[in-house]
Amino acid sequence: MQSIPFNKPFMTGRELWHIAQAHTNGHLSGDGQFTKLCHGWLERSTGTRRALLTHSCTAALEMSALLAEVGPGDEVIMPSYTFVTTANAFVLRGAVPVFVDIRPDTLNIDETKIEAAITARTKVILPVHYAGVACEMDTIMDIARRHKLIVVEDAAQGILSTYKGRPLGSIGHMGAYSFHETKNIIAGEGGALLVNDPALAERAEIIREKGTNRSQFFRGQVDKYTWVDVGSSYLPGEVIAAFLWAQMEEAESINGRRMDLWNRYHAALAPLEAAGQLRRPVVPEGCVHNAHMYYILLDSLAQRSAVIDAMKAQGVNPVFHYVPLHSAPAGLKFSRAHGVLQNTDRLSETLLRLPLWVGLDAQLPRVVAALEAALRQHPAQR
Ligand SMILES: *Cc1c(COP(=O)(O)O)cnc(C)c1O
């Protein structure tokens with residue numbers, strides 16, 4: 001019996017056609033036909049002022065750190081339960097990540113704990129929309145307004161998700177998407193920065209183009225192209241954009257197919273939740289998610305390890321993440337926790353992600369059966 005991988009990147013087939021077109025166009029550096037198509041799609045689907053493709057979500061977060069002008073000693077409030085680069089993009093500028101705990105329902109930053117973590121050095125609040133389910137953005141934006149802080153949304157997992165009808169990534173001053181092959185819409189490696197605050201749009205283009213005014217030059221807005229600011233090279237070439245455009249053309253259908261799988265897991269696991277054997281994901285009212293991930297919460301670290309081993313023995317490959325950043329070696333060096341991160345510590349030890357990828361359909365019952373069998377062998381000790 002073939003083993004079921006955790007992830008399998010889905011390709012529409014049209015990627016190769018678009019790459020062939022980029023080849024024919026002969027424009028291989030950034031900001032050609034396909035990049036413009038991707039920018040247009042992002043701007044239409046999110047309503048952002050300016051969408052800019054980048055090499056990765058990490059690169060988009062690095063740009064946001066430059067745009068927010070964070071410097072040595074400035075503080076950025078974020079969850080510890082997130083991917084490394086949420087923090088690293090700011091540590092690169094000498095800033096200090098300040099971690100607050102997550103909510104037990106969505107595993108998103110606990111908005112009620114943010115205000116107490118604000119100091120005179122706080123510059124940015126960085127909500128991470130875990131599993132494509134929105135953080136409590138009304139509260140977060142209100143805190144930011146009252147304390148004059150910048151909000152950068154890590155919407156790496158949140159493409160086409162909404163909060164009270166508003167696309168994730170379009171609510172804060174800036175938002176960052178990922179098109180890594182483990183996400184819903186992929187380019188292999190890729191990302192985008194949504195610049196929602198019009199005051200930052202021009203500088204964002206400059207930072208992305210090596211600190212030059214090249215974008216304005218190409219639009220005929222200035223008559224020479226020169227070094228005007230700090231910056232780096234954050235734009236992907238056209239081959240990547242051509243690939244990504246094929247994915248964007250089918251984004252709704254890709255998410256729809258993921259949603260079918262997500263709903264099937266959710267229905268199949270309801271009895272186990274009712275029996276107290278696991279907890280299923282919670283999607284608060286007003287949040288529309290994108291079926292980025294199906295995770296369950298188990299009872300303990302020991303049980304989770306045993307369940308993973310038992311499922312692997314049956315040819316199914318679930319995974320877990322993250323090692324909370326506040327307890328990671330670099331986290332201890334570069335950041336600090338505000339208060340006790342009780343939910344972060346407990347939930348990160350019990351979370352298990354099930355395989356979820358377009359094409360899994362026929363094999364999904366095998367995943368569920370493997371989980372049920374593993375839980376019979378290793379039941380929750382409640
Ligand atoms: C995937 C991910 C990132 C990093 O995205 P890259 O495109 O690989 O740089 C950052 N934050 C979160 C929450 C992610 O899930």
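No experiment lies behind these values; they were computed from the predicted model shown. Counting convention: from 1, in listed order, for ligands and their atoms alike.
- Residue Cys57 places at least one N or O, backbone or side chain, under 3.5 Å from an N or O of ligand 1.
- Cation-pi check for Arg258 over Phe10 is not met; the charged atom does not lie both under 6.0 angstrom from the ring centroid and within 45 degrees of its normal.
- Two residues are said to be in side-chain contact when any heavy atoms from C-beta on lie closer than 4.5 Å; His39 and Leu52 meet this criterion.
- A donor and an acceptor atom, one from each side chain of Tyr130 and His292, are nowhere located under 3.5 Å apart.
- The shortest N or O to N or O distance between Glu189 and ligand 1 is not under 3.5 Å.
- Residue contacts with ligand 1, taken as heavy atom pairs separated by less than 4.0 Å, involve Thr58 via backbone and side-chain atoms alike.
- Any N or O atom pair closer than 3.5 Å counts here, and His180 shares no such pair with ligand 1.
- For the pair Glu75 and Arg336, the salt-bridge criterion is met [side-chain N within less than 4.0 Å of a carboxylate O].
- Summarising the geometry, atom CD belonging to Glu372 is positioned 13.0 Å from atom CD belonging to Gln377; distances are rounded to the nearest 0.5 Å.
- Residue Ala176 places no heavy atom under 4.0 Å from ligand 1.
- Side-chain contact, Asn184 with Asn255: a donor N or O sits under 3.5 Å from an acceptor N or O.
- Every N/O-N/O distance between Thr85 and ligand 1 stays at or above 3.5 Å.
- Residue-level proximity to ligand 1 for Thr182 is absent, since no heavy atom of it falls below 4.0 angstrom.
- Neither side chain, Thr12 nor Gln247, offers a donor N or O lying under 3.5 Å from an acceptor on the other.
- Residue contacts with ligand 1 for Ala156 involve side-chain atoms from C-beta outward but no N, CA, C or O (heavy atoms, distance under 4.0 Å).
- Polar contact check, Thr82 against ligand 1: no nitrogen or oxygen pair lies under 3.5 Å apart.
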